Enquirer: 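First the structure, which I've put down as structure tokens, then a few questions once you've had a look.
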Amino acid sequence: MGTYRETFEYWKNDPFFDEATRAELASLTDEREIEDRFYRDLEFGTGGLRGVMGAGTNRMNQYNVRRATTGFAQFLLDTYGDAAKTRGVAIAFDSRNRSQEFAHEAALTMAAAGISAYLFTILSATPLLSFAVRHLGCAGGIVITASHNPKEYNGYKAYDETGCQLGLEDAAAVIDRVGAVDITATRVMDEDAARAAGLYHEIGREVLDAFEAAVETQAHELPAEARAALKIVYSPLHGTGNVPVREVLAHQGFTGVRIVAAQEKPDGNFSTVRSPNPEERDALRLAIEQAEAEGADLVLGTDPDCDRVGIAVRGKDGFQLFSGNQTGALLVNYVLTRRAAALNPKSTLVKTIVTSEFGADIAKKHGLQVVDTLTGFKFIGDRMNRYEKDGSQEFVMGYEESYGYLVGTHARDKDAVVASMLICEMAAYYLAQGKTLVDVLAGLYEEYGMYLDVLDSYTLKGKDGAERIRAISAQLRQRGVSLMPDVTELLDYTQGVGDLPKSDVLKYRFADGSWMAVRPSGTEPKIKVYYSVRRPTREEAEQVLAERRAVMNALIDA
């Protein structure tokens, strides 16, 4: 198209673009804003699309949704031929602004390509979409969500026939096809015509019911009085967890569930939080305040697409927030303890390379194999598919430090519905023994040693930010093991490590068995630094962490 200015003028004036889009662009006066909207196309990456909503080639809008869907449709037709048309694609959406509209656009774009679209009529959690692809026998799936990002964002995630996010090879093939699509060549089918042609189907409660039943097969025996005794405050953070989490907990006999009323209803502006991210204390603030007032034992908060869950637990000094690594380790310990009799030499825990060894060490003590994957749950899903195909190992549980867990094989993505159920069950199990999860965690630290795991995220927005992130990565590679004292090994995953695909991750191993990893985010304008320190005591671990953080802060803030 030429320069960003020429592309801007084209979008602003060409009648192909709807009136609202042209009016939005006509109102722009800030040249940097115009450049940021048009200096590139919003990339269809290995995780799909994610970006700020608005008009422009580098924004999340109906035109980029159509373009992505056109490329994905071509990939499905090339892969499955006419079978793709009848098998179709399952499409879901979360509670974000414009999510339902974008899902509708994707459905009508699929229909225009001759592929049946199975569109949810209800707000749907990401794990429900993953389940639906398998349940309905579809050739692929799409969910419109930007997960825990701020309200300005939306996104588009594509799934394969197993309900797993597209693997690297398939994603590369889709990226090629999307890149070849001229945005003005995309087509949508009229909804009435699509219905008449049998290319537009609506799905809802029946698939949700099947999903909830599958989730509940992962529950363990526990006396009804133990379940009823647990007092829980739950916040869906204005998202899709409200229905499935509450229904599953009710089916399981957790009668002491109270909802955060101000965060119960869908709200794409997420008006009660800075960001609907259960990793952040602010997101759970209202729930913790309510739990303190009501004398609850446990706080749960699920993100807008309900694939991640954060918790806070009542302890001696009030409510203690747990990290994803801590909750993961507790779940590993609980699930393996309860299933000890069913474990065998093939039983396997799968985690990511930036997840603490805490849970892995617990799993190994229970006799499990532990497998590391790259960051991103699709790599865990890929391992599940491999095990299902060749029978070499049996998947018991997978998790990542960013609050995503999966127990069972009903989905191929992280699932905050099954995780919420098992967290409540675990809390009730120990409460019946007179212990809180704070007590249980302290006992695990006593047994395994202190693991201090921290993530620092640095947000560097726009074109300048992207260049700064690249420069930081280059500087780190240049300094190598000399970056800080006691580094014994630097693993550069861009060169390939073991049997893992290449990825832009640096992992530093220290003489004491600790590690640090650095990676640019694949979905946000951030560079992330993961610290994992293991020491006999918390005091020693915190001192080491402070020293390593000082080095990284100086380098990144320079």
Side-chain angles (χ1 to χ4, degrees), residues 164 218 322-409 411-415 418-419 422 426 440-441 443-445 447-453 455 488-489 491 493 496-501 503 505 507-510 512-517 519 530-534:
C164 184
Q218 298 304 315
F322 282 20
S323 71
N325 281 312
Q326 291 170 326
T327 303
L330 283 164
L331 278 171
V332 170
N333 183 68
Y334 175 72
V335 170
L336 300 187
T337 299
R338 297 302 305 274
R339 300 185 184 184
L343 301 176
N344 63 66
K346 290 185 177 182
S347 298
T348 303
L349 170 77
V350 187
K351 70 172 192 67
T352 67
I353 58 173
V354 295
T355 298
S356 171
E357 296 304 311
F358 190 13
D361 290 341
I362 294 169
K364 288 171 185 172
K365 193 165 183 179
H366 282 266
L368 261 70
Q369 297 185 50
V370 175
V371 172
D372 274 347
T373 70
L374 293 180
T375 309
F377 221 90
K378 66 183 173 189
F379 295 109
I380 295 176
D382 177 63
R383 291 286 174 167
M384 295 171 70
N385 288 335
R386 280 198 232 176
Y387 303 159
E388 188 173 79
K389 198 175 287 184
D390 65 21
S392 60
Q393 287 156 267
E394 289 178 11
F395 177 85
V396 176
M397 178 179 168
Y399 78 106
E400 53 189 5
E401 49 70 44
S402 55
Y403 293 58
Y405 318 94
L406 177 65
V407 180
T409 57
R412 291 293 184 275
D413 211 335
K414 49 193 179 285
D415 178 9
V418 76
L422 288 170
M426 172 171 68
V440 179
L441 183 62
L444 291 174
Y445 283 140
E447 184 177 352
Y448 291 90
M450 183 66 210
Y451 297 77
L452 186 58
D453 297 281
L455 166 62
T488 56
E489 184 181 21
L491 300 174
Y493 287 81
V497 174
D499 65 347
L500 299 180
S503 181
V505 183
K507 190 167 185 177
Y508 299 80
R509 294 194 186 280
F510 296 89
D512 61 3
S514 300
W515 56 265
M516 179 183 81
R519 75 175 187 95
Y530 303 79
Y531 302 92
S532 187
V533 181
R534 189 179 178 192

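All figures in this text were calculated on a predicted structure; none of them were measured in a lab.
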Enquirer: Using every non-hydrogen atom in the two residues, find where R412 and G381 come nearest and quote the distance to one decimal.
Expert: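 Smallest interatomic distance, heavy atoms only, reads CD-O, 3.9 Å.
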
Enquirer: Hey, what do you get for OG1 (T373) to CG (D499), rounding to the nearest 0.5 Å?
Expert: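 Between atom OG1 of T373 and atom CG of D499 there are 10.5 Å.
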
Enquirer: So, the side chain of S347 versus the backbone of L343: is there a donor-acceptor pair under 3.5 Å, distance only?
Expert: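 Not confirmed, S347 side chain does not pair with L343 backbone.
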
Enquirer: Run V371 and Q393 through side chain to side chain contact (heavy atoms under 4.5 Å, CB included) and show every step you take.
Expert: CA-CA 10 Å; V371 172; Q393 287 156 267; 3.6 Å; yes

Enquirer: Could you give the distance from CG (L336) to NZ (K364), rounded to the nearest 0.5 Å?
Expert: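 That separation rounds to 13.5 Å.
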
Enquirer: Just do the side chain to side chain contact (heavy atoms under 4.5 Å, CB included) check on E447 and I362 with the steps written out, would you?
Expert: CA-CA 10 Å; E447 184 177 352; I362 294 169; over 6 Å; no

Enquirer: Could you check N333 against H366 for side chain to side chain contact (heavy atoms under 4.5 Å, CB included), going step by step and ending with a plain yes or no?
Expert: CA-CA 8 Å; N333 183 68; H366 282 266; 3.9 Å; yes

Enquirer: Got a second to check how far L374's CG is from E400's CD, nearest 0.5 Å?
Expert: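 These two atoms lie 11.5 Å from each other.
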
Enquirer: Quick check against the 3.5 Å criterion: does S514 have a side-chain atom that pairs as donor or acceptor with the backbone of F510?
Expert: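 No; judged by distance alone, with no hydrogens or angles, the pair does not exist.
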
Enquirer: If the threshold is 4.0 Å, N to carboxylate O, is there a salt bridge linking D382 and R386?
Expert: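 Answer for the salt bridge query: yes.
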
Enquirer: Please report the interatomic distance OH(Y445) to CE(M450), rounded to the nearest 0.5 Å.
Expert: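 Interatomic distance, Y445 OH to M450 CE, rounded to 0.5 Å: 4.0 Å.
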
Enquirer: If the test is side chain to side chain contact (heavy atoms under 4.5 Å, CB included), which one of V332, L330, L441 qualifies with F358?
Expert: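 The single option meeting the side chain to side chain contact (heavy atoms under 4.5 Å, CB included) with F358 is L441.
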
Enquirer: Dump the intermediate steps for side chain to side chain contact (heavy atoms under 4.5 Å, CB included) on R339 and Q218, then the final yes or no.
Expert: CA-CA 11 Å; R339 300 185 184 184; Q218 298 304 315; 3.0 Å; yes

Enquirer: What is the distance from atom CD of Q326 to atom CG of L331, rounded to the nearest 0.5 Å?
Expert: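 Rounded to the nearest 0.5 Å, the CD-CG separation comes to 12.0 Å.
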
Enquirer: Tell me, which pairs form a ring pair (Phe, Tyr, Trp, His ring centres under 6.0 Å) where one or both residues lie in residues 375-404, sequence neighbours left out?
Expert: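 Output for this query is empty, none listed.
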
Enquirer: What residue pairs, at least two apart or across chains, pass salt bridge (charged side-chain N to carboxylate O under 4.0 Å, His left out) with a residue in residues 342-363?
Expert: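 Residue pairs with at least one partner in residues 342-363: K351-E357, K351-D372, D361-R534.
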
Enquirer: Does a donor on one side chain and an acceptor on the other come within less than 3.5 Å for S356 and D453?
Expert: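 There is such a pair between these side chains.
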
Enquirer: What distance separates E401 CD from N325 CG, expressed to the nearest 0.5 Å?
Expert: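 Spacing of CD (E401) from CG (N325) equals 6.0 Å.
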
Enquirer: The criterion is side chain to side chain contact (heavy atoms under 4.5 Å, CB included); which residues satisfy it with R519, sequence neighbours excluded?
Expert: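 Expected list: T375, V505, K528, Y530.
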
Enquirer: At their closest point, which heavy atom of G398 faces which heavy atom of I380, and how far apart are they?
Expert: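 In terms of heavy atoms, the two residues are closest at CA-CG2, 4.2 Å.
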
Enquirer: For P345, is there any backbone N or O sitting under 3.5 Å from a side-chain donor or acceptor partner on Q369?
Expert: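 Here the side-chain-to-backbone pair exists.
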
Enquirer: Less than 4.0 angstrom from a charged side-chain N to a carboxylate O is my criterion; do E388 and R383 meet it?
Expert: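 Looking at E388 and R383, the cut-off is not met.
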
Enquirer: Specify the closest pair of heavy atoms between V354 and A517, including all atoms of both residues, with the distance to one decimal.
Expert: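 Distance-wise, the nearest heavy atoms are CG1-CB, 3.9 Å.
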
Enquirer: By the definition side-chain hydrogen bond (donor to acceptor under 3.5 Å, both in side chains), identify the one residue from T409, N344, T348 that meets it with E394.
Expert: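 That would be N344.
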
Enquirer: Given side chains that start at C-beta, do those of I353 and L500 come closer than 4.5 Å, heavy atoms only?
Expert: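 Counting from C-beta outward, I353 and L500 do come under 4.5 Å.
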
Enquirer: Could you please spell out the steps behind the salt bridge (Lys or Arg N to Asp or Glu O under 4.0 Å) verdict for K507 and E489?
Expert: CA-CA 8 Å; K507 190 167 185 177; E489 184 181 21; over 6 Å; no

